[in-house]
Amino acid sequence: MSSRGLFAGFRFGTGCMVAAVMALPGLSVLSVGSHAQALELEEILVTAQRRDEDRQDVIASLTALEGQALVDSAIQDVTDLPLYVPGLIISQIAASQISLRGISTQAQSVGGDPGVATYKDDIYLSRPGMAYVSFFDTERVEVLRGPQGTLYGRNTTGGVLHIISRKPEEELGGYLIGQYGRFDKRRFEGAVNIPMSDEFAIRAAGLYHKRDGYLTNLYDGKKVMDADEYAIRLTGQWTGENATAVLQYEHTQTDSVIDPFKALTPGLANFAFGGYSPIDEWDEVNQNYPLVDDKTLHAVTLRIDWDLSEQVTLTSITGWRDFEVFELNDLDDTQVELASYYGDMYAETFQQEFQLNYTNDRLTLISGAFFWWEEAEQQLDFPFFPPGVLHSQPYVDTFSWAVFGQGTYSLTDDWRLTVGLRYTDDKKDFTNEHGYVPFVPLAFQDVTGNYDAVTGRVALEYDLNDDVLVWASVSRGYKGGGFNGAGIAPPFDSEYLMAYEAGINATFADNRVEVNLTGFYSDYTDMQVQRIVSIGSVIDNAGEASGGGAELELRALLSETVSLNIGISVADMKFDSFLSADPVEPAAGIKELGGNDLPRVAPFTGSGSLNLAQPLANGGTFNASFEVQHQGRIYFDQFNREINSQKGFTVINARVGYDSPDEVWYVAAYGKNLTDEEYTESRFEIAELGGTVFGVLGPPIEYGVEVGYNF
């Protein structure tokens, strides 16, 4: 990549960001002090660089949402995060597809991996459905944009989403939150913290969530898109003189209805064999096949930290996950049996990581080794007319190991240099059986993939003064190759990314205003891109892709009672060269897609809130917040047809509440998507059904009341 292209990308991102701020000051929620008694922002401690530090000291594009901010803004699972994280796009097709800077989870079968890595308490979640559970008793959510090829490493070309649970505390206490809302929504979460001795404490947390559906199924008149889930988490923490150990067990269970695929355009699905798709009524579907989305997760995590000396700490992180998903869905959105889907997936994973941290007056060093194993199996059956089943049964056994190190050295009191390096080795043993039963005999595939890469980062930072930090970095990301599980198809190669970033972290007005600005330019090689083929999909490697943009986050205390939060992302990400066949237009042959936008990248997102915390005469507090999010047009595939895109839309949320004088209890009323904006979270075309475009609908207006009690 030439320096001219790099600087052009930075100029583009910065210029678009300034224009976006002037045109639409969107807002992004970050936790601030409720009463702002000292009239300064509270410090946000994060672990984005695998150590505790102030958010303003992190030289990366980072959003950190603290636990109370999650509650106040009704952020209840990963699908709520785009409202508060600039540039984050989450699409729903059976499981969450998380996208940052043009990198997303393309492979839905066990043969591939996500491009934005999700971690839960330092444990990597390999399957997208593992993260699609509600947040409860959460300490913090951190979202790192851009490749994290050193400290996290595995499949982090797009970034990292890290969910951090609350740990046991020294004092006896707990909380309970109850919520009742539209569609008979009932949601309860709570936790109790019990110190057993001076050294040992336990924490038990739980969640129950049930809600009726908000779409009408014309086939039987019933409501679909309901929710039914529960979860428990038990955590024990032992703290000794030189060591701390945290053992955690978590179990989650969902027995919900899968997101139905709604036909959005006329096609064969609308007319064949007397079928009818209600394309004109937004809140109606026509599903003759059962809709099921059952997930079960068991997880155990053990973290041990030893202080070997005042300067050296050794950490061991061990995690085991057992995850199972059972799904049924109707693919044609008619009352006749044209095409449907049966999916059954099981994954067992084990992770072991060792970290050695060293710190002195001028050097901070983290090094370690990472080991990962996964066994995953999937059954994909597509019953469709004429009577038969398109069957695939992929299985993958993965072993990955890595060694890494990253150090930050203070060249002077104001200049610091960071250098990181990681070597990753992935091996995948893959088998698959595929065929159209009973008409076509099963074909079998048995292959092994070996992938390795050297990734890393170099960054330079400079303190302009005590309140302003400027930095620049170059980093390399990697996502291993894999296999197409929905049929017998060639494997796809590894994906690589070079990212160039520069940023400013600034604090103004006596710690009342914080501004973080990052400009970036990304250069992709062999990008993994999904393409719909028949009623399944395959992964292709695009030739090259590149683009730039910028991300801005601001939080400010305007007065003792009013806070303002802004978050903006602008991006221009395109294929440089990519030859691909379009299944909807087979006569066109191979198309050159250079110049097309990358899928799931919005040219502009802006979001945020205006918050009021007004003390009352009786000692209580009146709280109010107004939140807005706007997302620009995104395309859902590489062919950039307008019919298979979501145009720009805006969502508005609001909340008002009262906190008791002693802060023991509160009551609040909330509303989400108050203008009842109609939009799709994802779209796709099926050529065999006349090129019909199907979509997964975003949720409609929701409102309700919430009561919380602390003890």
Side-chain angles (χ1 to χ4, degrees), residues 42-55 57-58 64 66-68 119-124 137-140 142 150-152 162-175 191-205 232-250 299-321 350-371 402-410 418 420 710-711:
E42 289 185 355
E43 180 184 57
I44 297 180
L45 291 177
V46 298
T47 55
Q49 300 297 309
R50 313 301 291 270
R51 65 179 187 269
D52 293 333
E53 57 186 333
D54 185 350
R55 162 64 188 96
D57 294 332
V58 177
E66 294 188 304
Q68 191 57 49
Y119 282 73
K120 179 74 175 291
D121 296 318
D122 293 304
I123 303 300
Y124 173 64
D137 200 33
T138 301
E139 177 181 320
R140 190 172 61 257
E142 300 177 0
T150 304
L151 297 180
Y152 294 90
H162 191 188
I163 305 164
I164 303 162
S165 306
R166 291 184 65 177
K167 305 301 185 294
E169 301 167 352
E170 296 179 353
E171 297 182 358
L172 177 67
Y175 74 93
V192 58
N193 192 88
I194 305 174
M196 307 299 292
S197 68
D198 292 340
E199 296 180 334
F200 183 69
I202 60 175
R203 188 176 185 90
I232 59 171
R233 184 188 306 125
L234 302 174
T235 309
Q237 177 168 303
W238 174 82
T239 304
E241 184 177 352
N242 297 311
T244 300
V246 178
L247 177 63
Q248 176 182 286
Y249 168 76
E250 184 169 328
V300 177
T301 303
L302 174 63
R303 178 182 176 121
I304 305 175
D305 295 280
W306 291 276
D307 294 328
L308 303 182
S309 68
E310 292 184 357
Q311 296 177 318
V312 181
T313 301
L314 176 64
T315 299
S316 171
I317 301 171
T318 307
W320 170 82
R321 291 276 190 288
F350 178 80
Q351 173 184 322
Q352 177 61 56
E353 182 172 1
F354 296 104
Q355 299 175 7
L356 188 66
N357 292 271
Y358 172 80
T359 303
N360 63 22
D361 293 339
R362 304 194 71 86
L363 175 66
T364 299
L365 175 66
I366 178 172
S367 60
F370 175 90
F371 304 92
V403 291
F404 62 91
Q406 178 170 296
T408 299
Y409 183 73
S410 297
T418 297
N710 299 310
F711 58 90

Could you tell me the separation between the [atom1] atom of [X] and the [atom2] atom of [Y], rounded to the nearest 0.5 Å?
{"X": "Arg303", "Y": "Lys167", "atom1": "CZ", "atom2": "NZ", "value": "8.5 Å"}
{"X": "Arg51", "Y": "Thr408", "atom1": "CZ", "atom2": "OG1", "value": "5.0 Å"}
{"X": "Ile202", "Y": "Gln237", "atom1": "CD1", "atom2": "CD", "value": "12.5 Å"}
{"X": "Glu353", "Y": "Phe371", "atom1": "CD", "atom2": "CZ", "value": "10.0 Å"}
{"X": "Tyr152", "Y": "Arg50", "atom1": "OH", "atom2": "CZ", "value": "5.5 Å"}
{"X": "Gln352", "Y": "Ile123", "atom1": "CD", "atom2": "CD1", "value": "8.5 Å"}

Minimum side-chain heavy-atom gap [X]-[Y] below 4.5 Å:
{"X": "Asp52", "Y": "Leu45", "value": "no"}
{"X": "Leu247", "Y": "Trp238", "value": "no"}
{"X": "Leu172", "Y": "Ile194", "value": "yes"}
{"X": "Phe200", "Y": "Pro168", "value": "no"}
{"X": "Asp122", "Y": "Gln355", "value": "no"}

Minimum heavy-atom separation for [X] and [Y], please, with both atom names.
{"X": "Gln248", "Y": "Ser165", "value": "OE1-CB, 4.0 Å"}
{"X": "Thr138", "Y": "Ile164", "value": "CG2-O, 3.4 Å"}
{"X": "Ala191", "Y": "Arg203", "value": "CB-NH2, 3.8 Å"}
{"X": "Phe711", "Y": "Tyr175", "value": "CE2-N, 3.4 Å"}
{"X": "Ala369", "Y": "Phe404", "value": "N-CE2, 3.8 Å"}
{"X": "Gly405", "Y": "Thr150", "value": "O-CG2, 3.6 Å"}

Worksheet entry | Residue from Asp54, Asp57, Val58 passing side chain to side chain contact (heavy atoms under 4.5 Å, CB included) with Val46 |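 The residue from Asp54, Asp57, Val58 that satisfies side chain to side chain contact (heavy atoms under 4.5 Å, CB included) with Val46 turns out to be Val58.
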Tell me if the [atom1] atom of [X] is crowded by more than 12 foreign heavy atoms within 6.0 Å.
{"X": "Glu43", "atom1": "CD", "value": "yes"}
{"X": "Glu170", "atom1": "CD", "value": "no"}
{"X": "Asp198", "atom1": "CG", "value": "no"}

Discussion item. Using side-chain contact (heavy atoms from CB on, under 4.5 Å), reason through Glu171 and Asn193 one step at a time and then give a plain yes or no.
Written reply: CA-CA 7 Å; Glu171 297 182 358; Asn193 192 88; 5.8 Å; no
Worksheet item: Can you name the one residue among Glu139, Glu250, Glu142 that meets salt bridge (Lys or Arg N to Asp or Glu O under 4.0 Å) with Lys120?
Response: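 Going through the options one by one, the only one that passes is Glu250.
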Worksheet item: Does Tyr124 have Arg321 sitting over its ring (NZ/CZ under 6.0 Å from centre, angle to axis within 45°)?
Response: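 No, cation not above the ring by the 6.0 Å, 45° rule.
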